[in-house]
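Heads up: the structure comes next, in structure tokens.
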Amino acid sequence: MVRIALITIAMVFVALFIFIPVIAVFAEALRKGVGAYFAAIANPEARAAIRLTLMTAAIAVPLNVTFGIAASWAIARFDFPGKQTLLTLIDIPFSVSPVISGMLFVLLLGVRAPLGGFLAAHGIRVIFAEPGIVLATLFVTFPLAARELIPIMQAVGSEEEEAAIVLGAGGWQMFFRVTIPNVKWGLLYGLVLCNARAMGEFGAVSVVSGHIQGHTNTMPLYVEILYNDFQFAAAFAVSSLLTMLAIATLIAKRFLERRVVPVKQAQDELAVKVAA
Amino acid sequence: MASNTKRSNVLPGFGLTLGFTLAYLGIVVLIPISTIFFKTFTLTWPQFWAAVASPRTIAAYRLSFSASIAGALVNSVFGFIVAWSLVRYEFPGKSLIDVMVDLPFALPTSVAGITLTAIYASNGWIGRYLAPLGIKVAYTPLGVAVALTFVGLPFVVRTIQPVLEDLDQEYEEAAATLGASRLQTFVLVIAPALIPALLTGFALAFARALGEYGSVVFISGNMPMHTEVVPLLIMSKLEQFDYAGATAIAVVMLTVSFLILLGVNVLQRWSSRRLTA
């Protein structure tokens, strides 16, 4: 009895907050028919937004994944003073509101700030332009890859890498032949999470884009502009693309978790056996 | 972990990776974060005070805090039931629910915002059934709470789920064999083990809700003194180029977020000590 009641409550709650919104996105997107749906997506402004979103992710994701690899190598393989502080600092962007994240870059690089004024005098516009969007995206997605890679790097251990070095492998040889294959699923996992946030960030990017119509719109910003312009079907059509991305991300996440978690568990079991 | 304590110096790349890590951290995070504190120091006390304690700001704090607490409480109750059902029971659609619970993490907040507004508007899918009952959701504080419940949902489920999975059912069986009722078992055996995780999930959902912008901006209607949350107030000050006012309020919010983060860290240390003890 309790069992059925609890499952029912859980299902109703999840349906209310997860499934109904997902269905609503697609229903609203197709409200004016399939023709209008594809017209909304193929519109030049929509294509520009898609292009800027892809470009932003193409810059932010590789940079933050590279950072994740470097940080996880330093943190998981070496002992140094201040390691705990470093871990805390890496997490900072998680606890900063998206609006405040964007605002940091307006304060630093807006035309009224010393640095921003200097750049503007040399013809470089950062805020209310694409570079600002990329910087804000870098900030909000900063911890994602590092956060996933550090525990995985710790879990796989360094024995194989040490063996490679002792047997005469060079640093990069060891890195590409041993380290990367060992953490590849974790790497991909971090990349998927980082990418979803990079393509989907709204608040931070909204602050630095300055709400300029037609210019510097990523897909999430373009959704807002269409909606505020009462073009609801078009807003939901673009939203449906982002929703598909979100669902694809969740599926990839589940698929990768099955490969990442056993690595950690096997390592934990080994540690228990060694300890016992 | 045993392998972490024995350090060998044969591995290369320490200087390179740590150097890159610190330089990149400095450029992308620390320098931008520090600007907000430098900017704060250029404000005079009356300026700072006028921004952080004006009636409009106080109203925004009140709404942000109460709606975030409401959302986090709803999630603590129902998120717990969802996590419990996913861990303990088998039912059709279980793995689909397990995958989709993370949707609020992955869905862009502007999409969530316009969708929740469409659903809860008085002619929307759910709103139209609530309107005859006199319940208005969109463009009211209740709508803000609904949006903040949406964004916080995965935090509670995903912090409780692993703890429940690790919880040995033998203890419950032992309690039952020794004559405890189901309620007694739950209150005396299961609840104490789950409280740290539940508090952590609550704090994370609350912190996320406090800073949330995208999902709230559409459903709230943004009426100053009535449905304006703090991130929206910061945004509107920025749009009027009132950078001083925006900075002052942002510093207050950042301080609150860091305190919550500190609290979560203390909680996690407490719970891991309890688990290992």
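Just so it is clear, the values below take in all heavy atoms, side chains as well, and ignore hydrogens, waters and symmetry mates.
Your options are Ile114(B), Leu254(B), Leu18(B), Thr115(B), and the one with the most heavy-atom pairs under 4.5 Å with chain A is Ile114(B). Annotation: maximal heavy-atom pairing with chain A below 4.5 Å, among Ile33(B), Val157(B), Leu16(B), occurs at Ile33(B). Your options are Leu107(B), Leu25(B), Thr109(B), Leu261(B), and the one with the most heavy-atom pairs under 4.5 Å with chain A is Leu25(B). For the set Phe78(B), Trp84(B), Tyr24(B), Phe258(B), the count of heavy-atom pairs under 4.5 angstrom toward chain A peaks at Tyr24(B). Note on Val238(A), Ile23(A), Val2(A): by heavy-atom pairs under 4.5 Å with chain B, the leading option is Ile23(A). The candidate with the highest count of non-hydrogen atom pairs below 4.5 Å against chain A, out of Tyr89(B), Phe20(B), Phe150(B), is Tyr89(B). Contact count against chain A (heavy-atom pairs under 4.5 Å) is highest for Ile97(B) among Ile97(B), Val101(B), Thr117(B). Chain B forms the most heavy-atom pairs under 4.5 Å with one residue out of Gly203(A), Ala196(A), Pro21(A), Pro93(A), and that residue is Pro21(A).
The shortest distance between side-chain heavy atoms of Phe202(A) and Val223(A) does not fall below 4.5 Å.
For the atom pair Leu238(B) CG and Met235(B) CE, the distance stands at 7.0 Å (nearest 0.5 Å). Between atom OG of residue Ser240(A) and atom CD of residue Glu28(A) there is a gap of 12.0 Å, rounded to the nearest 0.5 Å. Between atom CZ of residue Arg197(A) and atom OG1 of residue Thr249(A) there is a gap of 13.0 Å, rounded to the nearest 0.5 Å. For the atom pair Leu6(A) CG and Phe80(B) CZ, the distance stands at 8.0 Å (nearest 0.5 Å). Here the CG atom belonging to Leu104(A) is positioned 11.0 Å from the CG atom belonging to Leu135(A), to the nearest 0.5 angstrom.
There is no contact between Ala207(B) and chain A, counting heavy-atom distances below 4.5 Å. Looking at Ile260(B), there are no atoms closer than 4.5 Å to chain A (heavy atoms on both sides), in backbone or side chain. When heavy atoms are compared at a cutoff of 4.5 Å, Phe94(A) does not approach chain B at all. Neither the backbone nor the side chain of Phe105(B) comes within less than 4.5 Å of any heavy atom of chain A. Contact of Phe218(B) with chain A is made through the side chain alone, with heavy-atom distances under 4.5 Å. Neither the backbone nor the side chain of Asn265(B) comes within less than 4.5 Å of any heavy atom in chain A. Contacts of Glu161(A) with chain B are made by both backbone and side-chain atoms, with heavy-atom separations under 4.5 Å. With a threshold of 4.5 angstrom between heavy atoms, Ile18(A) approaches chain B through its backbone and through its side chain. Using a 4.5 Å cut-off between heavy atoms, Arg208(B) does not touch chain A at all. Both the backbone and the side chain of Val25(A) come within contact range of chain B, each with at least one heavy atom under 4.5 Å from a heavy atom of that chain. Contacts between Leu63(A) and chain B at a heavy-atom distance below 4.5 Å involve backbone atoms as well as side-chain atoms. For a residue to count as touching a neighbouring chain, one of its non-hydrogen atoms must lie under 4.5 Å from one of that chain's; by this rule Met174(A) touches chain B with the side chain only. For Ile20(A), the parts lying under 4.5 angstrom from a heavy atom of chain B are both the backbone and the side chain. When heavy atoms are compared at a cutoff of 4.5 Å, Asn228(A) approaches chain B solely by way of its side chain, counted from C-beta outward. With a 4.5 Å cut-off on non-hydrogen atoms, Thr247(B) touches chain A through its backbone and its side chain both. If you measure heavy-atom distances from Leu22(B) to chain A, the contacts under 4.5 Å come from the side chain alone. With a 4.5 angstrom heavy-atom cutoff, Ile119(B) touches chain A only via side-chain atoms. In this structure, chain B has a heavy atom under 4.5 Å from the side chain of Val22(A), while its backbone stays farther away. Heavy atoms of Thr66(A) lying under 4.5 Å from chain B belong to its backbone as well as its side chain. For Pro92(B), the part lying near chain A is the backbone, with the side chain staying farther off; criterion is any non-hydrogen pair under 4.5 Å. With a 4.5 Å cut-off on non-hydrogen atoms, Leu30(B) touches chain A through its side chain but not through its backbone. For Phe105(A), the part lying under 4.5 angstrom from a heavy atom of chain B is the side chain only. Of the atoms belonging to Leu138(A), heavy atoms from both backbone and side chain fall under 4.5 Å from chain B. Using a 4.5 Å cut-off between heavy atoms, Phe37(B) makes no contact with chain A at all. When heavy atoms are compared at a cutoff of 4.5 Å, Thr17(B) approaches chain A by way of both its backbone and its side chain.
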### Query
Should Ile90(A) and Phe67(A) be marked as a side chain to side chain contact (heavy atoms under 4.5 Å, CB included) after you check the CA-CA gap, both sets of side-chain angles, and the distance that decides it?
CA-CA 11 Å; Ile90(A) 289 176; Phe67(A) 162 73; 4.0 Å; yes
### Message
Using the rule given for side chain to side chain contact (heavy atoms under 4.5 Å, CB included), can you reason through Arg31(A) versus Phe236(A), listing the C-alpha separation, both sets of side-chain angles and the distance that settles it, and then say yes or no?
### Response
CA-CA 9 Å; Arg31(A) 176 165 279 190; Phe236(A) 281 102; over 6 Å; no
#### Entry: Candidate pair Ser220(B) and Val229(B), rule side chain to side chain contact (heavy atoms under 4.5 Å, CB included), full reasoning
CA-CA 8 Å; Ser220(B) 75; Val229(B) 293; 5.9 Å; no
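Taking the six-membered ring where the residue is Trp, the centroids of Phe80(A) and Phe14(B) are separated by under 6.0 Å.
Shown are Ile81(B), Val77(B), Leu153(B); of these, the side-chain contact (heavy atoms from CB on, under 4.5 Å) with Phe13(A) is made only by Leu153(B).
Side chains of Glu201(A) and Thr141(A): no donor on one and acceptor on the other come within 3.5 Å.
Other residues, nucleotides and ligands place more than 12 heavy atoms under 6.0 Å from the CZ atom of Arg88(B).
Smallest separation of non-hydrogen atoms from Glu224(A) and Ser206(A): OE1-OG, 4.3 Å.
Ion pairing between a basic and an acidic side chain is recognised when a charged N comes within 4.0 Å of a carboxylate O; Asp102(B) and Arg254(A) show no such pairing.
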